[in-house]
Amino acid sequence: MIRTAAHRHHLRQWHHGSKAAVNCAVRAFRTSTVRLGQRAIVYSNNGDPSYVLSAVTFPNLPPPAPGTTNIRFLLSAINPADINVIEGVYPARPSPSTDLSSDARAVFVAGNEGVAEVLSVGDGVTELKERDWVVMTKPQMGTWASGRNVRVEDVLKVDSSGLSAVQAATLTVNPPTAYNMLHDFVQLKEGDWVVQNGANSAVGQAVIQIAASKGFKTINFIRNRDNVESLKSHLKALGATHVATYDELLDRAFRATFSSWTQGKAVKLGLNCVGGKTTTLMARLLGENSHLVSYGSMSKDPLSLPTSLFIFKNLTCHGFWQTRWYDQKTLDERLQMMHTLTGLIREGKLGSPEHEILVVGSRESDSDAREIIRTAISRLGSGKYGKKVLLKVEETQ
């Protein structure tokens with residue numbers, strides 16, 4: 001792991017991560033007595049993350065109470081929804097924490113997804129033990145931290161064999177969203193077609209890989225860009241059948257290309273995370289009795305569909321939110337989902353997302369840590385990174 005150097009202000013280091021890199025650390029201590037503390041990325045009020053986020057150092061975790069466990073976060077994902085939560089425009093809201101500062105000031109710890117290692121368990125806890133890996137099952141747990149004390153029922157044990165920390169840290173949001181949308185609305189068979197926009201997103205890439213593992217064919221739409229041919233090649237290497245840009249979709253001649261690709265076979269399922277005019281055009285490609293599933297609106301433009309699609313094609317539209325899926329499912333169903341996804345990973349059918357790791361180092365001051373995270377979020381918001389960003393907040397020294 002590339003570590004942030006001590007006494008150097010505002011150093012930001014991004015790099016590819018691995019399980020070995022996350023798990024190995026060489027500690028240097030300022031005194032002969034080892035006294036590690038914890039750090040969290042927090043906010044007191046909703047607003048622009050590049051302004052409202054800050055870092056707070058708090059004492060090391062006390063022994064866990066009965067029914068709880070102390071965990072150390074190995075990696076935490078930075079997802080678009082996390083930014084929406086901080087902005088205050090997302091339905092799910094975190095619970096405030098009052099135990100992170102000496103004045104009991106209420107703050108919200110950012111972050112929803114990540115993988116953590118169990119440090120210790122409280123009395124009565126039998127399902128977890130030291131060094132187990134866990135993922136979060138309660139929404140908005142506050143994963144942008146070095147460590148937390150959590151209730152056992154709010155985490156789920158994950159078999160770490162054959163998994164990297166990157167894979168485990170990105171296991172609970174995007175892959176299950178992709179899997180469930182492919183299975184919950186249409187009974188697809190091998191050779192059936194799926195169309196989707198936002199195909200280069202983390203969910204889109206998971207859709208491509210899971211669909212390919214099932215023998216489903218995909219037509220994938222992406223935004224035009226300087227390296228578009230390289231991106232097309234990357235998505236095809238993941239298993240995409242065809243990839244086209246929104247500019248191509250806007251061309252009236254594209255329908256003939258589309259028909260040649262599908263050889264006239266009706267497309268039963270469309271997946272939308274963009275909205276706006278291009279989604280309207282994509283919906284027109286769907287066949288009779290098809291389903292359009294929306295799970296995002298990256299363009300922030302409204303989705304407008306012609307009435308004729310409902311009358312003459314019997315189109316059915318759905319919304320999908322993975323958080324709701326978790327709320328409606330039993331523990332056994334959640335475990336089965338994790339088992340299915342980790343099985344695909346171990347079989348090499350679902351790879352890690354392209355990623356970079358942002359490290360908030362152990363010897364950074366809180367003010368430096370604040371600037372590191374604010375700068376990163378600002379750059380992410382401007383679309384300057386096309387990769388998944390994972391956060392590693394180290395314990396303080």
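Below, each value reflects all heavy atoms present in this structure, side chains not excepted, and no hydrogens, waters or symmetry copies.
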Selection residues 238-259 - residue pairs positive for salt bridge (charged side-chain N to carboxylate O under 4.0 Å, His left out), sequence neighbours left out |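 Found Lys232-Glu248.
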All pairs passing salt bridge (charged side-chain N to carboxylate O under 4.0 Å, His left out) where residues 260-273 contributes a residue, at least two apart |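 Counting only pairs at least two positions apart or across chains, the salt bridge (charged side-chain N to carboxylate O under 4.0 Å, His left out) contacts touching residues 260-273 are Asp192-Lys265, Asp192-Lys268.
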Is [X] reaching over with its side chain to a backbone N or O of [Y], donor-acceptor style, under 3.5 angstrom?
| X | Y | value |
| --- | --- | --- |
| Glu394 | Ser362 | yes |
| Lys349 | Gly343 | no |
| Arg363 | Gly361 | no |
| Glu113 | Val173 | yes |
| Thr316 | His291 | no |
| Gln38 | Gly147 | yes |
| Ser259 | Ala256 | no |
| Arg105 | Ser44 | no |
| Asn46 | Ile86 | yes |
| Glu117 | Leu74 | no |

Nearest 0.5 angstrom please: [X] [atom1] to [Y] [atom2], how far?
| X | Y | atom1 | atom2 | value |
| --- | --- | --- | --- | --- |
| Met141 | Ser95 | CE | OG | 10.0 Å |
| Asn200 | Leu235 | CG | CG | 6.5 Å |
| Gln167 | His355 | CD | NE2 | 9.0 Å |
| Trp193 | Gln263 | CH2 | CD | 8.0 Å |
| Asn60 | Thr396 | CG | OG1 | 8.0 Å |
| Thr342 | Leu171 | OG1 | CG | 7.0 Å |

Step by step, would you call Glu371 with Ser367 a side chain to side chain donor-acceptor pair (under 3.5 Å)?
-> CA-CA 6 Å; Glu371 292 309 309; Ser367 60; over 6 Å; no
Report the C-alpha separation of Val267 and Leu285 in whole Å, then their side-chain angles, then the decisive distance to 0.1 Å, and conclude whether the side-chain contact (heavy atoms from CB on, under 4.5 Å) test is met.
-> CA-CA 7 Å; Val267 178; Leu285 301 175; 5.9 Å; no
Can you hop from [X] to [Y] via hydrophobic side chains spaced under 4.5 Å?
| X | Y | result |
| --- | --- | --- |
| Tyr246 | Ile208 | no |
| Met181 | Val186 | yes |
| Leu281 | Leu271 | no |
| Leu249 | Leu305 | yes |
| Val293 | Met298 | no |

Could you tell me whether the side chain of [Y] reaches within less than 4.5 Å of the side chain of [X], counting heavy atoms only?
| X | Y | value |
| --- | --- | --- |
| Thr69 | Val150 | yes |
| Val274 | Phe221 | no |
| Phe216 | Leu269 | no |
| Gln209 | Pro175 | no |
| Ser297 | Leu303 | no |
| Leu182 | Lys214 | no |
| Met337 | Asn180 | yes |
| Thr262 | Ile219 | yes |

Pick from Leu100, Val56, Thr57: which one makes a side-chain contact (heavy atoms from CB on, under 4.5 Å) with Arg39?
->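 When Leu100, Val56, Thr57 are each tested with Arg39, the side-chain contact (heavy atoms from CB on, under 4.5 Å) holds only for Thr57.
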Qualifying residue, where the test is side-chain contact (heavy atoms from CB on, under 4.5 Å) with Val118 and the options are Val155, Val134, Val152 |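 Of all the options given, the one that passes is Val134.
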Give the C-alpha distance, both sets of side-chain angles, the deciding distance and a yes or no for side-chain contact (heavy atoms from CB on, under 4.5 Å) between Trp144 and Ile78.
-> CA-CA 9 Å; Trp144 296 3; Ile78 299 179; 3.7 Å; yes
If the plane angle is over 60° it's perpendicular, under 30° parallel, otherwise tilted; pick one for His318 and Phe185.
->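 Answer is tilted, since the angle falls between 30° and 60°.
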When the ring planes of Phe254 and Trp261 are compared, do they come out parallel, tilted or perpendicular, using 30° and 60° as the limits?
->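 Perpendicular.
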Return yes when atom [atom1] of [X] has more than 12 non-hydrogen atoms of other residues, nucleotides or ligands closer than 6.0 Å, and no otherwise.
| X | atom1 | answer |
| --- | --- | --- |
| Tyr51 | OH | no |
| Asp226 | CG | no |
| His183 | NE2 | yes |
| Lys329 | NZ | yes |

Please give me the minimum heavy-atom distance between [X] and [Y], naming the atom from each residue.
| X | Y | result |
| --- | --- | --- |
| Val166 | Pro353 | CG1-CD, 4.5 Å |
| Tyr295 | Asn197 | OH-O, 4.3 Å |
| Val85 | Pro94 | CG1-CD, 3.7 Å |
| Ala77 | Ala169 | CB-O, 4.0 Å |
| Arg148 | Leu61 | O-CD1, 3.6 Å |

With Phe320 via ring-ring contact (aromatic ring centres under 6.0 Å, His included) - residues at least two apart |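 Applying ring-ring contact (aromatic ring centres under 6.0 Å, His included) to Phe320 gives none.
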Who passes ring-ring contact (aromatic ring centres under 6.0 Å, His included) against Tyr326, sequence neighbours left out?
->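 By the ring-ring contact (aromatic ring centres under 6.0 Å, His included) rule, Tyr326 matches no residue at all.
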Are Ile373 and Leu358 close enough, and set up right, to give a side-chain contact (heavy atoms from CB on, under 4.5 Å), and what steps lead you there?
-> CA-CA 8 Å; Ile373 193 67; Leu358 172 64; 4.1 Å; yes
Indicate whether the side chain of [X] and that of [Y] have a donor and an acceptor atom separated by less than 3.5 Å.
| X | Y | value |
| --- | --- | --- |
| Ser233 | Glu229 | no |
| Glu395 | Ser146 | no |
| Asn112 | Asp82 | no |

Using salt bridge (Lys or Arg N to Asp or Glu O under 4.0 Å) as the criterion, list what pairs up with Arg346, not counting sequence neighbours.
->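 With sequence neighbours excluded, Arg346 shows a salt bridge (Lys or Arg N to Asp or Glu O under 4.0 Å) to Asp159, given in chain and number order.
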Non-neighbouring partners of Asp154 that pass side chain to side chain donor-acceptor pair (under 3.5 Å), sequence neighbours left out =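 For Asp154 the side chain to side chain donor-acceptor pair (under 3.5 Å) partners, ignoring immediate neighbours, are Arg151.
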